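Here the structure is laid out as structure tokens; the discussion comes afterwards.
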Amino acid sequence: MRRRTLLAGALPFAAGAWAAPAGGAHYTMPPGFTLLDGRGNPQVFGATLKPEPRANHAARIFIYAPVARPADSAGFTELFEREWRAEFGSLGVGDVVAHYRGRLPGGLACCFMGRFFERPGGAMYVVMYLLDLGDRAQLIAASVAPGWDGVNFPGAVEDHGLRSLAQQLFLLLDSLRAPGGRAPAAQPHFTRDDVLGRWEHQSGGAGGSFVDANSGAGLGTAVRGSASELRLGEDGRYTDHIAAYAFNPGTGTNSGPQAQSHAGRWAFDGEVITLQPDRPNGLDNRRRVAGVGRHAGGGRVLILLNPEGGAFKPVAWVPVWDGHAGVMRWYREVH
């Protein structure tokens with residue numbers, strides 16, 4: 001990080017030799033974390049997470065001093081993007097910086113995002129939370145460098161390191177409270193300006209190739225793809241188009257090209273977009289805004305969730321970028 005190395009090595013401070021940043025959120029540090037550096041901003045806490053004997057996950061938690069609260073939702077977005085690039089820029093943040101929004105179990109509203117970065121020696125997971133304290137905003141960040149003695153299975157080790165950190169972070173996130181006993185700040189909702197525009201989404205992939213076990217003849221390769229375009233106009237009108245294709249010779253699936261379109265009026269309450277088609281289609285036409293982002297060149301990103309069984313699956317509090325247990329689409333703005 002720009003003010004402290006992510007995995008700074010230092011001798012632990014004596015118990016009681018630190019104090020929480022003035023005016024910041026009240027919190028309880030998870031068991032096993034000791035203060036490595038309390039002299040500056042941020043305060044750095046560290047622990048080696050060993051839920052299994054050979055696990056060796058080097059974890060850090062960073063507590064920053066609070067700053068003046070941005071006046072509006074756009075200010076929160078700009079502050080998160082600026083701090084994300086400043087803190088993790090040396091790891092290569094890529095073209096897009098994005099964040100989710102929600103209310104922590106303890107009541108505080110926040111913007112947050114996490115992801116893995118590749119670095120010499122292996123991948124590192126980092127996560128950052130921007131807390132809304134009412135008149136102030138405060139950053140809390142964490143990282144883990146996964147390790148497992150004698151095991152060279154990067155994917156499994158990284159997943160284990162992430163889950164080990166998440167179990168500790170849940171304790172910290174549950175404990176966060178606004179300073180001075182103040183009521184939780186209003187959630188920094190998304191605005192109409194965040195969602196207005198023309199948006200497109202594309203996804204797809206290829207799986208394995210299949211061969212007939214009897215004849216040896218090639219059966220083809222499993223493929224899937226989809227593309228969609230959503231326009232939310234200032235005039236209150238919308239259009240929504242989606243096309244998809246899926247083929248899997250292993251299961252006999254061949255949906256062929258499919259397309260669906262509808263248009264009508266739309267409404268927005270700061271969290272949920274409700275599409276009201278001119279011709280009822282019998283579908284749940286709501287979309288929950290989970291997050292926003294921006295390209296390095298200035299183009300916007302809009303992250304939407306689709307309902308499943310009448311409800312939206314929540315985004316994980318320790319997220320891995322665009323990974324989600326439900327239906328999530330990252331839309332890019334079309335100019």
Side-chain angles (χ1 to χ4, degrees), residues 70-82 94-103 109 111-113 132 186-204 225-245 257-315 321-322 324 326-335:
D72 53 22
S73 174
F76 255 85
T77 295
E78 292 171 2
L79 178 58
F80 188 96
E81 292 174 357
R82 185 168 63 249
D95 180 47
V96 174
V97 173
H99 70 264
Y100 302 115
R101 294 182 189 175
R103 188 176 292 282
C111 305
F112 63 104
M113 180 54 77
D132 185 351
Q187 180 166 328
H189 282 302
F190 302 98
T191 69
R192 189 177 174 86
D193 287 340
D194 287 328
V195 303
L196 280 171
R198 182 181 168 202
W199 309 91
E200 66 176 7
H201 165 81
Q202 296 180 340
S203 69
S226 66
S228 60
E229 180 179 293
L230 174 66
R231 187 189 70 83
L232 300 171
E234 290 195 36
D235 59 357
R237 299 285 300 176
Y238 82 89
T239 55
D240 189 20
H241 307 286
I242 184 169
Y245 174 80
Q258 297 182 349
Q260 183 185 72
S261 297
H262 53 97
R265 302 199 63 80
W266 67 283
F268 181 55
D269 66 1
E271 183 178 19
V272 175
I273 299 169
T274 302
L275 306 179
Q276 302 163 345
D278 293 332
R279 297 181 179 178
N281 54 18
L283 302 175
D284 189 337
N285 295 301
R286 297 173 300 152
R287 307 289 184 268
R288 179 174 178 264
V289 185
V292 295
R294 194 175 303 276
H295 295 275
R300 295 182 299 157
V301 173
L302 179 64
I303 307 171
L304 299 182
L305 304 179
N306 278 37
E308 299 173 75
F312 298 98
K313 291 186 177 180
V315 177
W321 201 236
D322 59 353
H324 183 58
V327 180
M328 172 187 284
R329 293 192 178 100
W330 286 44
Y331 286 86
R332 296 191 173 208
E333 185 178 17
V334 180
H335 294 287

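None of the values given here were measured: they were computed from a predicted structure.
The line from CG of Leu232 to CZ of Arg237 is 12.0 Å long, rounded to the nearest 0.5 Å. Distance OG/Ser73 to NE2/His189: 10.0 Å, rounded to 0.5 Å. Atom CZ of Arg288 and atom CG of Asp269 lie 10.5 Å apart (nearest 0.5 Å). A distance of 7.5 Å separates CG of Leu302 from CG of Leu230, quoted to the nearest 0.5 Å. Summarising the geometry, atom CG belonging to Asp194 is positioned 11.5 Å from atom CD1 belonging to Ile303; distances are rounded to the nearest 0.5 Å. Separating the CG atom in Asp284 from the CD atom in Glu308 is a distance of 10.5 Å, to the nearest 0.5 Å.
For the pair Arg287 and Asn306, the minimum side-chain heavy-atom distance is below 4.5 Å. Looking at Ile242 and Gln258, their side chains never come closer than 4.5 Å, going by heavy atoms from C-beta outward. Looking at heavy atoms from C-beta onward, Glu78 lies out of side-chain contact with Asp72 at the 4.5 angstrom threshold.
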Next on the checklist: Run Met113 and Phe80 through side-chain contact (heavy atoms from CB on, under 4.5 Å) and show every step you take.
Outcome noted: CA-CA 10 Å; Met113 180 54 77; Phe80 188 96; 3.8 Å; yes

Checklist entry - When you look at Ser228 and Tyr331, which way does the side-chain contact (heavy atoms from CB on, under 4.5 Å) test go after all the steps? => result CA-CA 9 Å; Ser228 60; Tyr331 286 86; 3.5 Å; yes

Next on the checklist: Would Tyr238 and His262 count as a ring pair (Phe, Tyr, Trp, His ring centres under 6.0 Å) here? Give the steps.
Outcome noted: CA-CA 8 Å; Tyr238 82 89; His262 53 97; 5.5 Å; yes

Next on the checklist: Between Val301 and His295, is the side-chain contact (heavy atoms from CB on, under 4.5 Å) condition met? List the steps.
Outcome noted: CA-CA 7 Å; Val301 173; His295 295 275; 3.8 Å; yes

Next on the checklist: Walk me through whether Val289 and Val272 qualify under side-chain contact (heavy atoms from CB on, under 4.5 Å).
Outcome noted: CA-CA 6 Å; Val289 185; Val272 175; over 6 Å; no

Item to check | Audit row: Trp321, Trp330, ring pair (Phe, Tyr, Trp, His ring centres under 6.0 Å) steps and yes/no | outcome: CA-CA 11 Å; Trp321 201 236; Trp330 286 44; 5.1 Å; yes

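Nearest approach of Gly297 to Asp95, heavy atoms of both residues: N-OD1, 4.5 Å. Between Phe268 and Phe190, the shortest heavy-atom distance links the atoms CE2-O, 3.8 Å. Considering every non-hydrogen atom in both Leu305 and Phe312, the closest pair reads O-CE2, 3.4 Å. Between Asp278 and Arg265 the shortest heavy-atom distance is OD1-N, 4.5 Å. Between Gly75 and Pro70, the closest heavy-atom pair is C-CB, 3.4 Å.
The pair Arg101-Asp132 fails the salt-bridge criterion, with no side-chain N (NZ, NE, NH1 or NH2) lying under 4.0 Å from an Asp/Glu carboxylate O.
Just one of Glu81, Glu200, Glu333 meets the salt bridge (charged side-chain N to carboxylate O under 4.0 Å, His left out) condition when paired with Arg300; it is Glu333. Here the options are Gln202, His241, Arg198, the test is side-chain hydrogen bond (donor to acceptor under 3.5 Å, both in side chains), and the partner is Glu229; only Arg198 passes.
Put simply, the side chain of Asn285 gets close to the backbone of Leu283: a donor and an acceptor are under 3.5 Å apart.
Enclosure of atom CZ in Arg192 by more than 12 non-hydrogen atoms of other residues, nucleotides or ligands within 6.0 angstrom is indicated. Atom CZ of Arg286 is surrounded by more than 12 heavy atoms from other residues, nucleotides or ligands within 6.0 Å.
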